[in-house]
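Each chain gets a letter, A, B and so on, in the order the sequences are listed, and its residues count up from 1.
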Number of protein chains: 4
Amino acid sequence: MIRVGIVGATGYGGREIIRVLLGHAGSKLTMLASTSRVGQHADEVLPAFRGATDLTFEAYDAKKLASECDVVFIAVPSKESMEPAAELVAEGARVIDIGPDFRLKDPHAWELYYGTPHRVRDLLPDAVYGLVPWYREAIKNASLVAVPGCYPISIILALRPILDAGLSDVPIVIDAISGASGAGRGLAEGLHFAELNENVRAYKLGVHQHVPEIEQELQYKTVVQFTPHVGPYTRGILSTITVRPKHLFDPAPYFEVYKNEPFVRVLGEGTLPELNHVRGSNYTDVGWKRDERTGNLLLVSAVDNLMGGTAGMAVQCMNLMFGLDEAEGLRIGALSP
Amino acid sequence: MIRVGIVGATGYGGREIIRVLLGHAGSKLTMLASTSRVGQHADEVLPAFRGATDLTFEAYDAKKLASECDVVFIAVPSKESMEPAAELVAEGARVIDIGPDFRLKDPHAWELYYGTPHRVRDLLPDAVYGLVPWYREAIKNASLVAVPGCYPISIILALRPILDAGLSDVPIVIDAISGASGAGRGLAEGLHFAELNENVRAYKLGVHQHVPEIEQELQYKTVVQFTPHVGPYTRGILSTITVRPKHLFDPAPYFEVYKNEPFVRVLGEGTLPELNHVRGSNYTDVGWKRDERTGNLLLVSAVDNLMGGTAGMAVQCMNLMFGLDEAEGLRIGALSP
Amino acid sequence: MIRVGIVGATGYGGREIIRVLLGHAGSKLTMLASTSRVGQHADEVLPAFRGATDLTFEAYDAKKLASECDVVFIAVPSKESMEPAAELVAEGARVIDIGPDFRLKDPHAWELYYGTPHRVRDLLPDAVYGLVPWYREAIKNASLVAVPGCYPISIILALRPILDAGLSDVPIVIDAISGASGAGRGLAEGLHFAELNENVRAYKLGVHQHVPEIEQELQYKTVVQFTPHVGPYTRGILSTITVRPKHLFDPAPYFEVYKNEPFVRVLGEGTLPELNHVRGSNYTDVGWKRDERTGNLLLVSAVDNLMGGTAGMAVQCMNLMFGLDEAEGLRIGALSP
Amino acid sequence: MIRVGIVGATGYGGREIIRVLLGHAGSKLTMLASTSRVGQHADEVLPAFRGATDLTFEAYDAKKLASECDVVFIAVPSKESMEPAAELVAEGARVIDIGPDFRLKDPHAWELYYGTPHRVRDLLPDAVYGLVPWYREAIKNASLVAVPGCYPISIILALRPILDAGLSDVPIVIDAISGASGAGRGLAEGLHFAELNENVRAYKLGVHQHVPEIEQELQYKTVVQFTPHVGPYTRGILSTITVRPKHLFDPAPYFEVYKNEPFVRVLGEGTLPELNHVRGSNYTDVGWKRDERTGNLLLVSAVDNLMGGTAGMAVQCMNLMFGLDEAEGLRIGALSP
């Protein structure tokens, strides 16, 4: 039985990890660390999980976490997992960070997009990018896994198979829309119900911090024009990707690469994903359409940002790291409706 | 491994049973019967479950279902499960009906509220009302279980413990609100997105078909004024129940009856449930508030109409009927958010 | 041309007054006062009204407001309009307060429900309760109008006609649901999109501050059990009211009282209002159903909390106070959808 | 007083025209024609407008409409306004068609995208494209105005000013999202509340019938890759437009063309529109961002598909056609929230 700790379990990503682990047969949730909730019972802080765990929030203590847990998920705000990850690894725990701090290999890219120098650059080479279909073997032996961002998961899974299919040098246009949970539980006017309901807006045009992550994992073979949006719903990212190839090609053979993937569903030409089919599940769905008139290839992908886009991918990494059935705890069907 | 069949698997209740069974360790989905989808692959009809099952929809065939399945869930529209249930029971299958046809013991009540005579009255005495906390032992040996309605689950679980606590003869006022999924997948103007979004309405005042079911299970000790509403969201019922007792009493001791229930969470005085804490899970949450000024006791309960209010309760019944761990497949945490 | 000032124009109530006045022929918006936005242009603070006004937010200055405006709307948080109202009246302005500070005639009721002593008790007798259908004549000459609360408008308009129709002494049960805008623009976890979306909850059971306002305007002839809820939508209150009369009577003749009201629509027996029919408009719709089985009368009313429930009623008061066509600026059809 | 008739007043576009006209000072709604509701009172069919009109639906009768109305709005499904428009024009009425039948000048484009030959091709040259900022003078004298589609309004207003600013030959990528009302009131599974709520999907990739309309009004100077989406809300279109210019230029001077437009708001560089700021109003908002890294220009525009995107534009055309103040009836502030 793998003993699991979570640092930052009150945020939406951390809560979703708990949700998954409640039905996970090979692990046991052992410690919940928090800065703001120390001493409070999980029932009180996380009423959705009332009765499902007896844990009480504890102060973060790397030594204790490492000794009482085999693996520690870090689910703290961006820029705050560097030191905990370093400490936990040093104490011998295996660490799965769902934040961005260890996703970028290039510390200059980090500084450019996150606005602050990276403080534990020496750990960057060791961190494994936790995108299971592309880094499965490396994840198995990783001491530190950086779970990809939710937008990048939806985008990279759609684009990486076709990188060598003859793209032109026109930047790939990615318009993606996320539900409100992607922005986390921090209060903000733009996330106030009456301000987001019935509303859609684009944000961070050209400067979103997922740009360097996407381009890194597309191996710098292309430039992306990434425009994120937020819409009036809770979960899910739909990414609409317009690719201008040199010659319009059939993507189907390239997507054979996923044929054994348990959680990537390739829908093929003309069948498009929608959030309804992935909500609450670990799946990423990808479909496409070739537009002969314009010469463009359009790809659409869908993922639940909290599940397949965060916690599900993180637990899939854990399963690999500990030799469990890769799909353990993740055979959760999508809510429909 | 229990072999499971579902009759009517394309509706919302049937789909939710599939969702639960995907993560259920002791059973195997063996047959899907449908009238409209015969010959179609489940992947095509139920895109949320793509890749999770290899089944193809078959025509309803009682004999075949009974021979290839140990248990058959019936998830067809109201008034249409009478004959299939009778046939399947006759063929030796154990049957769990999520529709209303076998919930009322009194065929006259059926005719009055459903507008049509009951066609298999002789089966009514054998049908067990599948409200687990109150009929656990009877369910274990039942050949035919009638899963309660979603509104009744939320209401009876809140009221049945206090029936003998000194209620007055003033009707209990129940205002409940359901999400759109409660009305099923049949198209209707009132369920058209642009008509229900941003809208709330009350309906079937005084004549809703769940009235006799609720009063039957409250043992005719009280009259209920039940006013259902529908609101702009997908899942969940919140029932607000105003009780006028002879003397205001503390309900806490009465709710001790649920202390070992795995899926009823008693929140106590002043802590009120909300849909956010039960969505996607099998829990029914109940809290209350005594109003000294008016002399009334207010109870509030919450349940996911498709899960705790239908499919979860149905699978809990199945677990009991086949001697499995009662919570198998049902330790699915609530989506939060 | 009536010159209009607004104190607190950045809140949802204040914004809605601006929205109405943009199409109001007999008035001119002259001053916008704010504490937090002094010096900022309205275009910047209120992007929905870009280009529609040239005003810049000014600091609150009673003397200036009174000299440059004929009427001042106060739209500040509860408990904060007492002094401004007193000052503005003293300076000779006519004042329409959309907050609660002058609604209760009994300062003890105020203190009990609002938790603080009333600081300008001597003004209470002069304040006119701005419920147009019941106080039309008094409003015409008022120097200070207290616009009713949104819940009270929906409830009092439904109940006041039948106060003398033979109610029993059983408290009237009112379960009402409001959209998120009713809670204003202040950030709160319960109003965070991901926490309120797909959610419904009851709150302030038995202690909501609108209880004394409702009972005052029902002339203390009845006790109300008022349970407010909040649901996942922006605008509108639906109130479901269960009345236990001594003998079930036909309410239709009592509702003749509204036959000339421009903004109360009496739908009659069996036709029930819904939010879709009032959204964005100044109407309050009321319908009912007699339940012969229980002996109860059920009334349902609907109002847009920001319009008919606040700003529309406030502008209707203004029209009366200045001898304008009572419906000027208010013939705004409901958004449908 | 202009006498107004509406053919097809029960659809969402027709209803919105009624909503606007209720507050329009220079016109009077005289006739409502319908195929399905003949003889029914408007109160019954359109409960949102109860009490606001005394009209009863009549059968369509071109002669009667033309004799009793100065202008007739046609608001019927696509492909069904050809004959009525021709008949009404022949009878001497001035006609404003909110459907697509007279938008395309090229009947082959019509046939290609609408799948049926155009049946009144001889009227096409006379029809004026009712995009006020670009066809104001022609609209004044038109006998037949074809109001643009909602997507095209949001897109053409953003792109037409910069057509000559040096675009490359890379197709312009337009990802737009519409609320559910854009699909009308016809029932469909994809518009069933439980299927669209919490969902986003792309549709009609590369083949949407607004493509030829957009390209026509961009004077065939560019090819567009138009990908429409539908999201879980009622009103509003947000269009995100990625332009690849030969050299990145400052769009601001080009947008001076709108400086006197009453209902186009140019927000400039870095200020982006959102649906919240246009909902219920006649405004189209446009903002942009230059991305130096990719060399692309990103434009974002927002419009309420039923108002600025349909009924508001239509009434603005009517005002021009009859010499009224162009903004009469349209100074309706955006709902905020």
Practice prompt. Name the member of D/L335, D/V300, D/L272 that forms the most heavy-atom pairs with chain A at distances under 4.5 Å.
Written response: D/L272
Worksheet item: Using the ring of each side chain (for Trp, its six-membered ring), is A/Y258 parallel, tilted or perpendicular to A/F255, with breaks at 30° and 60°?
Response: tilted
Discussion item. Report, in residue-number order, which members of residues 171-182 of chain A are under 4.5 Å from chain D by heavy-atom distance.
Written reply: A/P171, A/V173, A/D175, A/I177
Practice prompt. Step by step, work out the salt bridge (Lys or Arg N to Asp or Glu O under 4.0 Å) result for A/K105 and A/E213.
Written response: CA-CA 9 Å; A/K105 292 301 172 191; A/E213 181 179 341; over 6 Å; no
Worksheet entry | Ring centers of A/Y113, A/H210 separated by less than 6.0 Å | no
Worksheet item: Side chains of D/L297 and D/F249: does their closest heavy-atom pair fall under 4.5 Å?
Response: yes
Discussion item. Ignoring hydrogens, what is the shortest heavy-atom contact between D/V303 and D/G308? Give both atom names and the distance.
Written reply: CG2-C, 3.5 Å
Worksheet entry | Result of checking A/L306, A/N305, A/I155 against A/C150 for side-chain contact (heavy atoms from CB on, under 4.5 Å) | A/N305
Discussion item. Please output the residues of residues 279-292 of chain D in contact with chain A, using a heavy-atom cutoff of under 4.5 Å, in numerical order.
Written reply: D/R279, D/K289, D/D291
Practice prompt. Could you tell me which portion of A/T227 (side chain, backbone, both or neither) has an atom closer than 4.5 angstrom to a non-hydrogen atom of chain D?
Written response: side chain
Worksheet entry | By ring-ring contact (aromatic ring centres under 6.0 Å, His included) - contacts of A/H277 (at least two apart) | none
Worksheet entry | Residues in residues 190-200 of chain A near chain D [non-hydrogen atoms, under 4.5 Å] | A/A194, A/E195, A/N197, A/E198, A/N199, A/V200
Practice prompt. Please determine if A/K221 and A/D164 form a salt bridge, counting it only when a charged side-chain N lies under 4.0 Å from a carboxylate O.
Written response: yes
Worksheet item: Measuring heavy-atom distances to chain A, does D/T242 have an atom under 4.5 Å in its side chain, in its backbone, in both, or in neither?
Response: side chain
